[in-house]
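Take a look at the structure set out below.
Only a predicted model underlies this, so the values are computations on that prediction, with no experimental measurement involved.
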Amino acid sequence: MGTRSMSRKGPADVIILIVLLLLCATTLYPLLNLIFISLSDMEDVMRSGGMLLYPRSIHWDAYDYILRYAGLADAYKMTIFITVVGTAINLVMTTLGAYVLSIRDMPGRNALMTFVLVTMFFGGGLIPTYLVVKGIGLVNTPWALMLPGAISAWLLVLTRNFFQGIPKELRESARIDGCSELMTLIRIMLPLSMPIMATLALFYGVGHWNEYINVVIYVNDEKLNTLQVLLRRMYTSAIGEVDGDSLPPPVETIRAATVALTALPIICVYPFLQKYFVQGMMVGAVKG
Amino acid sequence: MQTLSSPRCTNPARREQSPDTQRRSARRPLWSRTRPFVPLYVLFLPVLAYYLIFWYAPMGGLVIAFKNYNFLDGIFGSPWAGLDHFERFLSNGDFWVVFRNTILLAFYRLLFGFPAPILFALLVYEMRFAKIKRFIQTISYLPHFLSWVVVYAIAYNFLSDTGFFNQIIAGLGGDKIAFLGDPAYFRTIFVGSSIWKEIGWSAIIYLAALTRIDSDLYEAAAIDGAGRWRRLAHVTLPGIRTIVSIMLLLALGSILSVSFEQVVVMMNAMVSPVAEVIDYYVYRVGLLGANNFSYATAVGLFRSVIALGIVLIANWFAKKFDEEGGIW
């Protein structure tokens with residue numbers, strides 16, 4: 001933009017900067033505050049009126065306690081399982097659909113595309129979907145958290161648009177060289193599609209890590225709780241037995257520690273994947 | 001998705017090269033035209049199966065809205081009920097309460113949640129400290145990736161009995177307020193937390209539109225003596241007019257879909273009179289309580305059909321408004 005060429009910065013620019021930095025603080029501080037609380041003594045927390053600007057002293061009691069809680073270990077196992085396996089299913093299914101629909105001269109392409117897109121605007125809704133999931137025996141299994149959402153039509157379209165941007169001569173020459181369709185997809189298309197694959201892995205992976213609602217709908221078994229379900233439950237009822245005989249630390253710090261253990265993996269991977277997803281979003285925003 | 005409607009026109013080069021092939025292929029029987037693509041159709045089979053099982057089978061299952069479904073007789077064997085369920089919920093006071101809750105939450109979300117990311121995008125766009133800009137954007141996307149449960153934990157931390165706000169109130173000598181259990185504050189907290197979570201993420205699309213504005217326009221405006229506000233009013237805002245109208249229509253189109261997950265996370269017995277939306281009502285009468293599958297499906301179907309109608313109307317308006325404006 002032209003205004004960039006004028007390097008002089010006026011008071012208005014400083015005001016904008018301050019407003020934006022304040023907005024950043026409102027985004028970051030609530031998270032940091034919870035992390036500080038998880039590391040603190042409750043007395044320090046109360047003395048500062050609930051607003052710690054830094055942890056006055058470091059205590060690992062809350063982490064020590066919650067990590068000994070068997071329910072947390074189960075929830076971690078479950079969440080990691082559905083994140084790894086669920087994302088793998090998502091990637092395979094979305095890539096297959098997107099690849100086939102990216103081939104422009106395939107007869108029936110429009111019909112298949114419509115078949116997929118209809119689901120963005122209309123569906124059976126909660127109860128009929130529940131009855132189908134129950135009917136095929138997925139209720140109270142981890143598969144109910146992975147299979148019903150195996151493909152997001154929106155991400156499929158995004159991926160298809162990306163594939164369409166790869167010169168079709170590459171695919172055609174691979175086919176002439178005797179590659180099967182599947183080999184062409186794996187050997188030729190995928191190595192060129194890492195940005196979109198990273199975008200898919202991020203969106204689907206975060207979705208699984210944050211899994212809450214499908215557990216509420218489809219699962220009624222303590223063993224299959226995800227981290228989010230466990231964390232939410234800690235705000236309505238006390239957690240069960242914890243190994244060891246020490247006196248439990250204050251509930252506020254336990255909850256805060258669980259928030260940190262739930263959200264930190266996301267906050268840690270996020271900067272690495274960040275450069276891909278905005279790019280990925282934009283591919284999809286352009287009508288293809 | 002425009003190419004969908006005109007696949008034959010997408011490849012003019014090929015047609016020019018070999019008009020003969022093209023003409024011949026039109027006359028060739030279906031099988032010989034499709035045969036080279038059989039491996040592709042095979043690759044598509046898992047996707048086809050997925051959509052048939054998890055999307056089209058439930059659409060077929062909607063038929064139970066017109067039946068008295070029970071597990072014993074199954075979807076096909078259960079007796080027909082005609083429009084009984086629809087009559088029942090339309091004459092039921094409960095339904096209109098949740099309908100009103102849904103519309104009100106959506107209205108407040110639209111009123112405050114829609115302009116927020118546009119303002120944020122404009123602020124970021126007008127920011128001239130380039131290095132800090134990237135940092136601010138990175139931070140602003142982060143809450144989008146946090147779960148509603150974590151957002152609830154954050155809200156709880158500030159709003160609970162021992163939270164920051166009540167400490168201030170207590171410090172000033174007032175009575176503590178149970179913010180999360182008070183119907184009077186529910187809508188504010190609901191809309192506020194969704195703005196907190198999505199403001200940066202929703203701004204991406206506007207920022208993309210802003211960066212596409214031709215920089216010559218700004219220079220021309222500057223030469224004409226336009227100050228910052230006039231450049232905003234006459235160059236920047238017209239530059240994002242189309243995308244804003246599309247997003248507004250999309251938002252209007254989704255007016256009946258208040259985030260079910262957010263409602264479930266923030267729900268409790270005290271706030272349920274204002275927090276219960278149509279989706280939650282369907283969940284409660286269908287799955288939580290008496291297993292009124294047919295009645296709940298009827299409510300869900302009613303909602304879906306109205307929502308679809310609104311989307312279609314919104315898209316029709318978008319097209320009227322602007323050639324490029326439609327969603328499809």
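Note that CG of B:N157 is 5.0 Å distant from CG of A:N33, once rounded to the nearest 0.5 Å. Atoms CD1 and CG, on B:I64 and A:L131 in that order, are 5.0 Å from each other to the nearest 0.5 Å. Once rounded to the nearest 0.5 Å, the distance linking CG of A:L21 with CD1 of B:I136 reads 5.0 Å. B:N268 contributes atom CG, which lies 10.0 Å from atom OG1 of A:T236 (distance to the nearest 0.5 angstrom). Atom CG in A:L23 sits 10.0 Å away from atom CG in B:L119 (nearest 0.5 Å). With values rounded to the nearest 0.5 angstrom, B:F158 atom CZ is found 7.5 Å from A:L34 atom CG.
Contacts of A:Y218 with chain B are absent, with no heavy-atom separation under 4.5 Å from either backbone or side chain. Proximity to chain B (any heavy atom under 4.5 Å) is shown, for A:I151, by both the backbone and the side chain. Contact of A:A153 with chain B is made through backbone and side chain together, with heavy-atom distances under 4.5 Å. With a 4.5 Å cut-off on non-hydrogen atoms, B:L123 touches chain A through its backbone and its side chain both. Contact annotation for B:Y41: only side-chain heavy atoms (C-beta onward) come within less than 4.5 Å of a heavy atom of chain A. Using a 4.5 Å cut-off between heavy atoms, B:L142 contacts chain A through both its backbone and its side chain. For chain B, the nearby part of A:E252 is the side chain; its heavy atoms alone come within less than 4.5 Å. B:I168 does not touch chain A: none of its heavy atoms, backbone or side chain, sits under 4.5 Å away. Residue contact with chain B, scored on non-hydrogen atoms closer than 4.5 Å, involves the side chain of A:L138 exclusively. Looking at A:T119, the atoms closer than 4.5 Å to chain B (heavy atoms on both sides) sit in the backbone and in the side chain alike. Of the two parts of B:L48, the backbone and the side chain both hold a non-hydrogen atom closer than 4.5 Å to a non-hydrogen atom of chain A. Looking at A:Y130, the atoms closer than 4.5 Å to chain B (heavy atoms on both sides) all sit in the side chain, from C-beta outward. With a 4.5 angstrom heavy-atom cutoff, B:F164 touches chain A via backbone and side-chain atoms both. Both the backbone and the side chain of B:V305 come within contact range of chain A, each with at least one heavy atom under 4.5 Å from a heavy atom of that chain. Residue B:I310 does not touch chain A at all, counting heavy-atom pairs closer than 4.5 Å.
Under the 6.0 Å cut-off for aromatic ring centres, B:F44 and A:Y99 do not qualify, their centroids lying 6.0 Å or more apart. Aromatic ring centroids of B:W201 and A:F203 lie under 6.0 Å apart.
Just one residue in the list A:L231, A:L227, A:N210 forms a side chain to side chain contact (heavy atoms under 4.5 Å, CB included) with B:V150, and that residue is A:L231.
Top candidate by heavy-atom pairs under 4.5 Å with chain A, chosen from B:T297, B:T34, B:L287, is B:L287. The greatest number of non-hydrogen atom pairs below 4.5 Å with chain B, out of A:C24, A:G125, A:S180, is found for A:C24. Among A:V116, A:I136, A:V229, the residue with the largest count of heavy-atom pairs under 4.5 Å with chain B is A:V116. Here A:L112 is the residue among A:L112, A:I267, A:T262, A:V19 with the most heavy-atom pairs under 4.5 Å with chain B. Contacts with chain B were tallied for A:P30, A:P148, A:G123; A:P148 has the most, counting heavy-atom pairs under 4.5 Å. Between chain B and the options A:L101, A:V92, A:L156, A:V259, heavy-atom pairs under 4.5 Å are most frequent for A:L101. Of the residues considered (B:P36, B:S147, B:G61), B:S147 shows the highest number of contacts with chain A, using heavy-atom pairs under 4.5 Å. When each of A:V133, A:L147, A:L28 is scored by its heavy-atom pairs under 4.5 Å with chain B, the top score falls to A:L147. Top candidate by heavy-atom pairs under 4.5 Å with chain A, chosen from B:K197, B:Q137, B:E261, is B:E261. When each of B:V282, B:V265, B:L308 is checked for heavy-atom pairs under 4.5 Å with chain A, B:V265 comes out on top.
For the pair A:V216/B:Y283, a side-chain contact is recorded, criterion being any heavy-atom separation below 4.5 Å from C-beta on. Side-chain contact check for A:R255 versus B:Y156: some heavy-atom pair is nearer than 4.5 Å. Annotation: side chain of A:V118 is in contact with side chain of B:Y56 (closest heavy-atom distance under 4.5 Å). The shortest side-chain heavy-atom distance between B:N315 and A:F121 does not fall under the 4.5 Å cut-off. With contacts defined as side-chain heavy-atom distances shorter than 4.5 Å, the pair B:F260/A:I217 qualifies.
By the salt bridge (charged side-chain N to carboxylate O under 4.0 Å, His left out) test, B:R228 is found to be paired with A:D13, B:E126, residues two or more places apart in sequence or in another chain being considered. Here B:F293 pairs with B:Y69, B:F71 under the ring-ring contact (aromatic ring centres under 6.0 Å, His included) rule; sequence neighbours left out.
Residues A:P128 and B:P58 come closest through the heavy atom pair CB-O, 3.3 Å. When all heavy atoms are compared, the tightest approach of A:I127 to B:G286 is CD1-CA, 3.7 Å. A:T129 and B:F54 get closest at one heavy-atom pair: CG2-O, 4.4 Å. Residue A:L202 comes nearest to B:F145 through the heavy atom pair CD2-CE2, 3.7 Å, listed as atom of the first residue, atom of the second, then distance. Of all the heavy atoms in B:V149 and A:Q228, the pair that sits closest is CG1-O, 3.5 Å. Across all their heavy atoms, B:P46 and A:M93 have their closest contact at O-CE, 3.3 Å.
Remark: side-chain polar atoms of B:W148 are not paired, donor with acceptor, to backbone N or O of A:Y212 under 3.5 angstrom.
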TODO: Decide side chain to side chain contact (heavy atoms under 4.5 Å, CB included) for A:F115 and B:L52; before the verdict, give the C-alpha distance in whole Å, the side-chain angles of both, and the deciding distance to 0.1 Å.
DONE: CA-CA 9 Å; A:F115 177 77; B:L52 286 176; 3.9 Å; yes

Open item on the list: Go through it in stages, so that I can follow the logic: the residues are B:I132 and A:L17, the test is side chain to side chain contact (heavy atoms under 4.5 Å, CB included), and I'd like the CA-CA distance, side-chain angles, deciding distance and then a yes or no.
Closed with: CA-CA 9 Å; B:I132 309 174; A:L17 177 69; 3.9 Å; yes

Task: Stepwise side chain to side chain contact (heavy atoms under 4.5 Å, CB included) test for B:L146 and A:L31 - done: CA-CA 10 Å; B:L146 299 175; A:L31 271 174; 3.8 Å; yes

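Relative ring orientation between B:Y152 and A:Y235 is described as perpendicular, the plane-to-plane angle rising above 60° on a 0-90° scale split at 30° and 60°.
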